[in-house]
Engineer: 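Questions regarding the structure given below will be posed in turn.
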Amino acid sequence: MAENPQNQADKLTAVLRVVRSCGGVQQTLASGALSLEEEIFLRSQLVDMLIQNYDEVGQYHYIQDAIQHLETILRRVPRDSPDRAKHLDRLSYVRMSEHVASNSRHALDEAVSNGRQAKQLGVTYDLLHHNPSVYFTILTNFGYALSQRYALTLQVTDLEEAIACAKEVYEHAPKDSKEYYMNINNLASRLRLQYRISQNLDDINEALRLIRELQSRTAPGTIEHDVAAGQLGVISADRFNQTKKLQDLDEALGYCRSGLHSLPAGHEARVPSLRQIVHLYSVRYEKTGEEADLKDLACYSEILFRAIPPGNPFQGKYLLDYMSNLQKLADISKSLDNIQSNIRQIELLLPSMPSSYPEKHRCQAVLADFYLSQYNLSQELPDLVTCVDSIHTTVDDYNRMAEEGDSSQGTIQGSWLWDLKQALQRLAEAPQDSAMRKAAEKGLSEKLHFCRESQDSALSGLKQFHLQNGPLLTVLAEAIKAGRTLSDDEIDFELTKLKEKKEATLRESQQRGVLKSNDYKTELGLRQLAMDESKNIIMDLSGLVGDILGWEADRNYTTEEFAAIHTKMEQKALDKARSGGRHPNLRLCRMCRDEAKLLQPAADSFELTAKSAWLPFGNYFQLRQRSNCSICSLILSVITTKSGALHPRLAAIDREVQGIRLSSGRLSTSEKLMRFDYGMKHVSELRVLTSRNYSQALRQAWQVDSQSPLSEILGNHNGPIYDPGGQQINRNLVKSWLNDCDNNHSSSCNHPRSGKRADTDINLTLIDVQEECLVSASSDAKYFALSYVWGQVDMSKTLKSNYDERKKPHSLATVRFPRTIRDAMIFVQSLGERYLWVDAVCLLQDDDAQMALDIPRMDVIYGQAFATIVALDGTDADAGLPGVSAGTREP
């Protein structure tokens, strides 16, 4: 039963009071200040609001946010709760909205899966009798998702299941209820589709009977009545496809237009109805060729385009269809006013489209044809300049996408467009009575029209026009620039000179040859060594930077010689700086200070920058010579092992491409940081410690007074920053991360894996870290899992002989578990959580039957864990989790 409205209002008031006290919805959800019931209520309210916002403005992120809240609700609601059916149905509905907005097949399959789960739960808890309204909504949404998938895949089982859903509502819903009317239409539509397959007259006759029933039960002008008319239109369209009679086509159009009349914006039937009308008018125009039909086609094409939500993958297709229909009308009407009106409208529409969509360049091509038509009718040179400029912009945009790998066709050579544009601009700026401008305009429109008619696009036509007329336009434009008026003979002479100049340039180019790179040489003569995952070429620049680094590229140096060169160059750099009146930073080496210039002054501090990142910064051996440098020593500490050797994974990189590569980046707070790679492997980032960021950037800063100056914190060598007996993790920070992730992150962190196996609730044995014993539970519990390596240590395994003893409270307190397992238990307990799963402890290691059952479903165990603790340090289970216990990690 629906909750009392007053209770709903009281609950909302109480929840909003908590939200205001916490400073916002996101903060409230992450804080844990709400009870489970209050959290689910708040998220449900947010989902309703987000769906309403999406229906009103069509912005895709509202759907994503709604999905995130619903998935979180389903993680909170117990598996045996009847309320899961309602939330699964809501998720199915939102997933369908996601499919409509993105054309995602995955979203459609998820909608079907969620709907099926909701229906199964509805049957289990007998919602037909206990909460029929919710059950009818489940059947309606599930049936709709199935029918949409059938339209995509033509899987007959989906259609049959969708018909069964509609029939169940038809049989049980109260007559004259909204659910009943909606499902009369749904059932009729699905029976009509089934008739196309079966050709069983019973199906189509039943569909017609249902439509007549719906019309008889509803008043003209209501949505339900008009939807029935739309159904009759589709049936008439099917009949036209068989008879090809114009009478049947007009009958279909009449019904479809009538059915569209009262459908509000955003109604799920509106876009399909518009698609049907546009298709029927397109067929009618093909049959009649009448301008009136073309006008209607263009009109409904526009309505269809505007009905598509922003971001929908079909939006570009419908815009292109609409523009193409306008172009056909313009070709018939030959009206300059109409063309200019169309251009203004298209110029407003194109910027509202996404930056990239499949039909973008074809839409721009249609606009270019409008510009050409405008010029042909106006005979105004500025209109032709606008056309060339538009095509030039389109070519530049296309080439940019091609260079980024978004086109398989390669780039388009477009330098001639610039030449043509320059010439036309100069001619258009000349007085209209200029002899050179008149000579240029003579027969220009006819020549352009002929070239366009002989080619398949405005671009091809314009290129053909430029080949034939470009030289003349260039000569006349240059004459205007020089203030000359040329005779016919002088024009011919200049054309000959221009032709000879181009031929000479071509011969020179052919004699010089085109620069080509071999396997190791680039056009710059630099040895190309490798290309990383971001397509950055790594090259040997030793020949260019020998002077900077002070060594010769083709000579081998001993370690002592290299150290001597470094010392000499360092002193030389210091002397040069001091002689110039500067005060060099002695904590930086000359590479960081003078060459790469990594540290730059900021508003009240310094910031890292990679302006000179092209310089070879140095490999492991070169950085060791600069270990007194603050930045180089930091980088060395990251790329080396505890013994000071280069990390084995980095040492395995080809020696020729080993070296540090720097790049800049920013955090969400706009703070700059420095990323560094070694060879082609990303290693880490550096950030400057400041009074603004030390509480987040400095490891133990959470243990110091937040009002203390940074200099005082760093200067106190007896404080927690340097204390080797402390160095524990900030558990409150970890808790806030987990809460924020669980409550506010989307599917990137909390994506529920699809499939019955991944969602199966399985029996588990868990460690109760509060009671320090083993307990029987299921994967539905909120538990942590530990991922680690055993190694060659005593694991204190759970066996048949000690299993019952370990189920007693506090029995695990005295077990000598390896440090990693014990630390994981301490860590989970410190977070205020209860359950932990560890294979050595939670699986009966000598029970072959249980091991055979549990080992193959480890993916389910880890996949359903709330979070997984990963032990990265050490080589066995006795390495521990650094930072859990005091003194287990270095300052």
Engineer: Using modelled atom types and a 3.5 Å cut-off, is there a donor and acceptor pairing between side-chain atoms of Thr820 and backbone atoms of Gly880?
Structural biologist: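 Such a contact is found between Thr820 side chain and Gly880 backbone.
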Engineer: Could you tell me whether a side-chain N or O of Gln727 sits under 3.5 Å from a main-chain N or O of Ile721, the two making a donor and an acceptor?
Structural biologist: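 Yes, because the side chain of Gln727 sits within donor-acceptor range (under 3.5 Å) of the backbone of Ile721.
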Engineer: Does Ser779 have any side chain to side chain contact (heavy atoms under 4.5 Å, CB included) partners at least two apart in sequence or in another chain, and if so, which?
Structural biologist: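 Result, side chain to side chain contact (heavy atoms under 4.5 Å, CB included) vs Ser779: Asp761, Ile762, Leu764, Tyr783, Gln864.
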Engineer: Set out, in order, the CA-CA distance, both residues' side-chain angles and the distance that settles side chain to side chain contact (heavy atoms under 4.5 Å, CB included) for Phe784 and Val769, then state yes or no.
Structural biologist: CA-CA 11 Å; Phe784 288 71; Val769 298; over 6 Å; no
Engineer: Is there a side-chain hydrogen bond (donor to acceptor under 3.5 Å, both in side chains) between Tyr678 and Gln658 once you walk through the steps?
Structural biologist: CA-CA 6 Å; Tyr678 194 83; Gln658 282 191 29; 2.9 Å; yes
Engineer: To the nearest 0.5 Å, what is the distance between CD1 (Ile869) and CE (Met825)?
Structural biologist: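 Here the rounded value is 11.0 Å.
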Engineer: Are Glu607 and Arg687 ion-paired here, with the side-chain N under 4.0 Å from a carboxylate O?
Structural biologist: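 So Glu607 does not pair with Arg687 through a salt bridge.
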Engineer: For a 4.5 angstrom cut-off between non-hydrogen side-chain atoms, does Phe606 reach Thr690?
Structural biologist: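 Result no, sub-4.5 Å side-chain heavy-atom pair not found.
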Engineer: So, Gln45 side chain and Leu42 main chain: donor-acceptor pair closer than 3.5 Å or not?
Structural biologist: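 Between the backbone of Leu42 and the side chain of Gln45 there is no qualifying donor-acceptor contact (under 3.5 Å).
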Engineer: By the definition side chain to side chain contact (heavy atoms under 4.5 Å, CB included), identify the one residue from Val841, Val828, Leu786 that meets it with Ile767.
Structural biologist: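 So the option named by the test is Val841.
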Engineer: Are any side-chain N or O atoms of Glu685 and backbone N or O atoms of Gly665, one a donor and one an acceptor, separated by less than 3.5 Å?
Structural biologist: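 No, because the side chain of Glu685 does not come within donor-acceptor range (under 3.5 Å) of the backbone of Gly665.
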Engineer: Nearest 0.5 Å please: distance from the OG1 atom of Thr814 over to the CD atom of Glu772.
Structural biologist: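 CD of Glu772 is found 9.0 Å from OG1 of Thr814.
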Engineer: Set out, in order, the CA-CA distance, both residues' side-chain angles and the distance that settles side chain to side chain contact (heavy atoms under 4.5 Å, CB included) for Lys597 and Thr609, then state yes or no.
Structural biologist: CA-CA 8 Å; Lys597 300 178 180 178; Thr609 181; 5.7 Å; no
Engineer: Test side-chain hydrogen bond (donor to acceptor under 3.5 Å, both in side chains) on Ser830 and Arg731 and set out the steps.
Structural biologist: CA-CA 7 Å; Ser830 70; Arg731 290 172 173 81; 2.7 Å; yes
Engineer: Can you list the steps and then say if Asp677 with Ile660 is a side chain to side chain contact (heavy atoms under 4.5 Å, CB included)?
Structural biologist: CA-CA 6 Å; Asp677 302 351; Ile660 295 294; over 6 Å; no
Engineer: Rounded to the nearest 0.5 Å, how far does CG of Leu599 lie from CZ of Arg587?
Structural biologist: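 Taking CZ in Arg587 and CG in Leu599, the distance rounds to 11.5 Å.
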Engineer: Is there a side-chain contact between Arg593 and Pro584 (heavy atoms, below 4.5 Å)?
Structural biologist: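 With C-beta onward as the side chain, the pair touches.
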Engineer: Quick check for you: to the nearest 0.5 Å, what is the distance between Ser708 atom OG and Leu714 atom CG?
Structural biologist: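 With rounding to 0.5 Å, OG (Ser708) is 11.0 Å from CG (Leu714).
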Engineer: For residues 819-840, which residue pairs qualify under ring-ring contact (aromatic ring centres under 6.0 Å, His included), counting only residues two or more places apart or in two chains?
Structural biologist: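 Listed once each, the pairs are Trp837-Tyr862.
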Engineer: Flag the pair Glu39 and Arg43 as a salt bridge only when some basic side-chain nitrogen lies within less than 4.0 angstrom of an acidic carboxylate oxygen.
Structural biologist: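 Looking at Arg43 together with Glu39, the answer is yes, because their closest N to O distance falls below 4.0 Å.
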Engineer: The criterion is side chain to side chain contact (heavy atoms under 4.5 Å, CB included); which residues satisfy it with Lys735, sequence neighbours excluded?
Structural biologist: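 Residues passing side chain to side chain contact (heavy atoms under 4.5 Å, CB included) with Lys735: Asn732, Leu831.
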Engineer: Tell me, please, which residues at least two apart from Gln703 pass side-chain hydrogen bond (donor to acceptor under 3.5 Å, both in side chains).
Structural biologist: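 side-chain hydrogen bond (donor to acceptor under 3.5 Å, both in side chains) check on Gln703 returns Gln700.
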Engineer: So which pairs with a foot in residues 868-885 pass salt bridge (Lys or Arg N to Asp or Glu O under 4.0 Å), sequence neighbours left out?
Structural biologist: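 Qualifying pairs: none.
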Engineer: Where do Gln571 and Asp575 land on the side-chain hydrogen bond (donor to acceptor under 3.5 Å, both in side chains) test, with the steps shown first?
Structural biologist: CA-CA 6 Å; Gln571 189 60 50; Asp575 293 343; 2.9 Å; yes
Engineer: So does Arg624 have more than 12 non-hydrogen atoms from other groups sitting under 6.0 Å from CZ?
Structural biologist: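 Open.
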Engineer: Applying side chain to side chain contact (heavy atoms under 4.5 Å, CB included), name anything that partners Asn53, two or more places apart in sequence or on another chain.
Structural biologist: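 Asn53 satisfies side chain to side chain contact (heavy atoms under 4.5 Å, CB included) with Met49, Glu56, Tyr62 only.
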Engineer: Show me the pairs that pass side-chain hydrogen bond (donor to acceptor under 3.5 Å, both in side chains) and involve residues 636-646, at least two apart or across chains.
Structural biologist: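 Pairs touching residues 636-646 that pass the test: Thr641-Ser643.
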Engineer: For residues 705-730, which residue pairs pass the ring-ring contact (aromatic ring centres under 6.0 Å, His included) check, not counting sequence neighbours?
Structural biologist: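 Of all non-adjacent pairs touching residues 705-730, those that pass ring-ring contact (aromatic ring centres under 6.0 Å, His included) are His717-Tyr722.
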Engineer: Working to the nearest 0.5 angstrom, can you tell me the gap between Leu598 CG and Leu588 CG?
Structural biologist: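 Here the rounded value is 8.0 Å.
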Engineer: Contact between Gln622 and Phe562 at the side-chain level, heavy atoms closer than 4.5 Å - yes or no?
Structural biologist: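 Yes, their side chains come closer than 4.5 Å.
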Engineer: With side chains defined as the heavy atoms from C-beta onward, is the minimum distance between Leu686 and Ile631 less than 4.5 Å?
Structural biologist: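 With C-beta onward as the side chain, the pair touches.
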Engineer: List the steps, then state whether side chain to side chain contact (heavy atoms under 4.5 Å, CB included) holds for Ile40 with Val77.
Structural biologist: CA-CA 8 Å; Ile40 291 173; Val77 176; 3.6 Å; yes
Engineer: Using 0.5 Å steps for rounding, measure from the CG atom of Asp65 to the CG atom of Leu50.
Structural biologist: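 It is 5.5 Å, given to the nearest 0.5 Å.
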Engineer: Salt bridge between Arg666 and Glu671, side-chain N to carboxylate O under 4.0 Å?
Structural biologist: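 Between Glu671 and Arg666 there is no salt bridge, as every charged N stays at least 4.0 Å from the carboxylate O atoms.
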Engineer: With a 3.5 Å cut-off and no angle check, do the side chains of Arg806 and Thr798 form a donor-acceptor pair?
Structural biologist: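 Short answer, yes.
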Engineer: Of all residues at least two apart in sequence or in a different chain, which pass the side chain to side chain contact (heavy atoms under 4.5 Å, CB included) check with Lys808?
Structural biologist: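 For Lys808 the side chain to side chain contact (heavy atoms under 4.5 Å, CB included) partners, ignoring immediate neighbours, are Glu805, Ser811.
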Engineer: Judged by atom type as modelled, is there a donor-acceptor pair below 3.5 Å linking the side chain of Ser796 to the main-chain atoms of Arg816?
Structural biologist: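 At least one qualifying donor-acceptor pair exists.
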Engineer: Can you list every salt bridge (Lys or Arg N to Asp or Glu O under 4.0 Å) pair that touches residues 819-837, not counting sequence neighbours?
Structural biologist: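 The answer is Asp768-Arg834, Glu771-Arg834, Lys782-Glu833.
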Engineer: Does the Asn716 side chain pair with the main chain of Ile713, one donor and one acceptor, at a distance under 3.5 Å?
Structural biologist: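 Not a single qualifying donor-acceptor pair exists.
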Engineer: Name all residues meeting the ring pair (Phe, Tyr, Trp, His ring centres under 6.0 Å) criterion together with Phe617; count only those two or more places apart in sequence or in a different chain, and write none if there are none.
Structural biologist: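 Result, ring pair (Phe, Tyr, Trp, His ring centres under 6.0 Å) vs Phe617: none returned.
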Engineer: For Ser684, what residues pass the side-chain hydrogen bond (donor to acceptor under 3.5 Å, both in side chains) criterion, not counting sequence neighbours?
Structural biologist: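 Per chain and number, Ser684 pairs via side-chain hydrogen bond (donor to acceptor under 3.5 Å, both in side chains) with no residue.
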